[in-house]
Amino acid sequence: MQFPWFRRFGGGLELSSIDFFGTDQTETLSQAIRRSAEDTTASVEDEPEANVLFGTIQGSVVGLRYYTGVVNKGEMVSLVREPHNPYDRNAVMVANVYGSQVGHIKRQLAAPMAHIMDNNLAKVEGVVPYGVNNTFTMPVHLSFWGKEENKEAVISELNRHGFKLGLGSKGGGQVASPGRTIDQFFAPMKKVTAIPLTPEQLKNAFDKLFDDLMEDKAREMEAGEAVSTPLLPHQKQALAWMTARENSTDLPPFWVEKNSLYLNVLTNFAIQERPESVCGGILADDMGLGKTLTTIALILTNFHNGKPLSLESTPFFPESMATKRKKTAPKENREKGVEETVTEESPTTSHSKRQHEDSVPIVIIDSDDEDDSAAPKKKAKGKTEEKQPKTHPAQRKVPCSHKKKAQKKSPGLSKSSSKPGASGGARATLIVCPLSVLSNWLDQFEQHVHADAKLSVYLYYGAERKRESRFLARQDVVLTTYNVLSSDYGNKKSSPLHDVSWLRVVLDEGHIIRNPNALQSKAVLDLTAERRWILSGTPIQNSLKDLWMLISFLKMKPFDVREWWNRVIQRPVTLGDTKGLKDLQTLVKGITLRRTKTSKVGGRTVVQLPERRVFVQHVALSEEERREYEAVKREGRDIIGRYFAEGTVLTNYADVLAILVRLRQFCCHPQLLRSSTSAAGATDTSTPSELRERLIKKITLVLGSGSDEECAVCLESLRQPVITYCAHVYCKACICEVIRSEQQNAKCPLCRAQIKIQELVEYPGEDEDSDSSDTKDKWLSSSKVDALMSNLLRLRQEDKSIKSLVVSQFTKFLSLLEIPLKEHGFSFTRLDGSMSQRSRTKALQAFQDSSQGSPSIMLLSLKAGGVGLNLTAASRVFLMDPAWNPAAEDQCVDRCHRLGQKKDVVITKFIVKNSVEENMVKIQRKKQKLVEKAFGGRNVQERKQARIEEIRALMEL
DNA sequence: ACCGCCGGGTGCC
DNA sequence: ACCGCCGGGTGCC
């Protein structure tokens, strides 16, 4: 098996190819390291934060004189099993940070270590306390990290061989360089260990990790003349920063020059050769700030040898050509992805030589798989093996695409250029992106590149893509997708993209490679390039782990190797080590630029958003509605009033909520509550299965009503909600913990009723009731529906192009709304939490599409979709019912009032007069004030009391 | 001479 | 390696 790891290690390291026992049955050092890294996937290595320190031991490294790897005072070393060592199958090799072998672990100790390592009982890490001058052996501090359940096994295995795991400062403890050695992580030490951060502080610091990374990055730079679009100030800043990063000769973070050596201050590793500068980084701007344009500007401005691409016209490229090209590239064609314009001079069909001589414009080749109508084929004979009848490229001409400058230098093929870092013949930029944004890149190139610029852009996509690395290396830009890249890479045959020595590789939506086991990630890591960029609005999606791949891609030594990342950054940070967090911040800051829509440039926000205005429209119920409403309200008030009298409001909280929900539903449409049978009352006499069923109904009612309940244990939004037999809802983990700690006597935190783990009922998830059939026959409107419809009808009359979001917390209400919408001939789409990812995307795409006949209305459930949801097509929002939490409404509105919104946004909130809704609005205002005062009512008691007051206010009791 | 002692050769796993 | 170990040389003092 060939793993990308191998090449990665082999890349800059001569020593990696040492082959110590003949080539046949033994493996090279780099293979061994790689294998050990591969073998331990999904194990101790994979989840370093789940590991605890078992203890440490002093061992010795022997055989130093046979190897060239040197180690510094306090330097970290890695331990690699060598099961095929002919002298001892227990052999454990010691390597320094760059992977050069230093020696072996002494035989006696290697025996238990081999057992421990092979069975994945622990990860063993080494630090050499001193030993630069040792000739034959040196000591090594070994620390054993693993899962708690393996601790005994590790200790006894070591004991069997006469070793005893110690804790802390064994061996004198004068481990050099205070503050940053293993000592720091030896838990029970009297030494000055920084107080670990609380999980909350950590999370906070984490959230802020990527906040506005733009200090000291305010310098602006004008784009080269080939960029036809004027850059905004923040884009000029980004350009300046990116150019500076690409041309940087600085040492990578944490490296210093010392005594003519280069020292990594985190691992204490020193080496003579200067570690390569990281020529690139992460552009993590929010979406909409123009990452694509900035990147195009970068390509054109820092084109080659630090100079911009010039516009000088050359005899090879007569002016007439440009005009002609424009004519042959009607925009409409491109947008539909259908191509009629095909020229025979296209690079797919012409020889590159000819292309040179005849100054044939480079053509962007867009091979849509479904399009085989175009392209009169020519000269297909030369490449029959690639030919697939179903798919052949549609081709299009783009004004910006031209023949590149005549260049005699040999193109940057990685085989010919020995050192990737040396700016040899590398010329081409490879852009890898998800398929969904491919066309956007093409559009943007066309839009932002000056018509007279000679820039060749090749779309490496589709069955007929030109799989010729020499050809690819001669382009200025090659555009491809992660899919194409990895399918080439996964093929046994060589991958052309991997044979090119790129000037620059750009990963669009770079967070896509965050899973290191994915083929596309491996494929990306294995690309050769001088400069590397990651574009991503969300560089960290889940955890710190996500960052490693990005750092690894940037080839930031030594973190491109997982072990060093884990030991130096990830674990210290997850253990709450302040120094580790600071190192992480330094690291991220050095390579990342991030601005959000609220970032300021010269005192002004980066992007001016259109205005947003909120109107409240009061709705009066009809007489009949009012009568019925009051009846429902009276009934509810009686019940709740009784609870108040008994002092059991919180005990019966679920019932209280249910009553409120019914009232709120009624305000929207009377029909809504007919389907939801009263969940209140009758808790005493019923069979367990009936009880269970009722509880499920209750929890569904509570959670499905959008009330944003919080768990009374953790005081946060419910995660994995469960309901107790006494009808209170908690996070599953929280209430289980309570029960565990209180054992037999566990009581419900809200009502003190006895609770048991086996009596918790889980929330089955939103399960659309299939009672839409009975709603259809007897359709009656409601006052609120009428109010909405008259708004929509007026809007349609005034401006057909305006799109609206109709938002409710009740998906059933959305279903009801479909009826009058259909009736009036509105074209609409819908997005709610119950939809599959696939149908969501479909609904979204349909709605965001601006062409005629696209839906003008989206029915949206308040909490559907994440913050990432982009609904900028809409500029009108109708909030059908007030939410408990005003922030939820804001968030929802933000989905259209965000970057990319061109129109002013108008929001209409419907509130039924003299109803629970009005009272909710009052409570909202109160809550808002509390938030503004940063006064969240921290403890449970306060919150309970606040709840009771809320209910009192809502029911006017 | 089936030991002790001496001193040279030697040395990871 | 300023060690330990091995194995050959040697053998009163």
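Chain A is the first sequence line, chain B the second, and so forth, proteins listed ahead of strands; every chain is numbered from 1.
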Inset, instruction - Using the ring of A:W548 (Phe, Tyr or Trp, six-membered ring only), decide whether A:R562 places NZ or CZ under 6.0 Å from its centre and within 45 degrees of its axis. - result: yes

Inset, instruction - Could you state the atom-to-atom distance from NZ of A:K106 to P of C:dA1 in whole Å? - result: 15 Å

Inset, instruction - Determine: side-chain N/O of A:R107 to OP1/OP2 of B:dC13, distance under 4.0 Å, yes or no. - result: yes

Legend entry - Check: B:dC13 base within 3.5 Å donor-acceptor of A:Y66 side chain: no

Inset, instruction - Could you state the atom-to-atom distance from CE of A:M117 to C1' of B:dC13 in whole Å? - result: 14 Å

Legend entry - Whole-Å C1' distance, B:dA1 and B:dC6: 15 Å

Legend entry - Whole angstrom value for the distance that separates C1' of B:dG11 from NE2 of A:H104: 15 Å

Legend entry - Closest contact, heavy atoms only, A:N96 versus A:V102: N-CG2, 3.7 Å

Inset, instruction - Please determine, by modelled atom types, if A:H511 and A:S536 share a side-chain donor-acceptor pair under 3.5 angstrom. - result: yes

Legend entry - A:Y87 vs B:dC12: side-chain N/O to OP1/OP2 distance below 4.0 Å: no

Legend entry - Nearest-angstrom distance from the residue atom CZ of A:F136 to P of B:dC13: 14 Å

Inset, instruction - Give me the ring orientation class for A:Y98 and A:W255: parallel if the planes are under 30° apart, tilted from 30 to 60°, perpendicular past 60°. - result: perpendicular

Legend entry - Euclidean distance, atom CZ of residue A:R89 to atom C1' of B:dC12 [Å, nearest integer]: 18 Å

Legend entry - Pairing partner (Watson-Crick or G-U wobble, both distances under 3.5 angstrom) of C:dC12: none

Inset, instruction - Please report, rounded to the nearest Å, how far the P atom of B:dC12 is from the CD atom of A:Q101. - result: 13 Å

Legend entry - Charged N-O contact under 4.0 Å between A:R567 and A:E125: yes

Inset, instruction - Provide the distance between the two C1' atoms, one in C:dC13 and one in B:dC2, to the nearest whole Å. - result: 25 Å

Inset, instruction - State whether the distance check finds a donor on one side and an acceptor on the other, under 3.5 Å, for side chain A:D88 versus base B:dC13. - result: no

Legend entry - B:dG4 versus C:dG11 - spacing of their C1' atoms, nearest Å: 9 Å

Inset, instruction - In whole angstrom, give me the gap between the C1' atoms of B:dC5 and C:dT10. - result: 9 Å

Inset, instruction - Calculate the interatomic distance between A:L109 atom CG and B:dC13 atom P; express it in whole Å. - result: 11 Å

Legend entry - Syn/anti state for C:dA1 [syn: chi within 90° of 0]: anti

Inset, instruction - For A:R65 and C:dA1, give me the distance from atom CZ to atom P, rounded to whole Å. - result: 12 Å

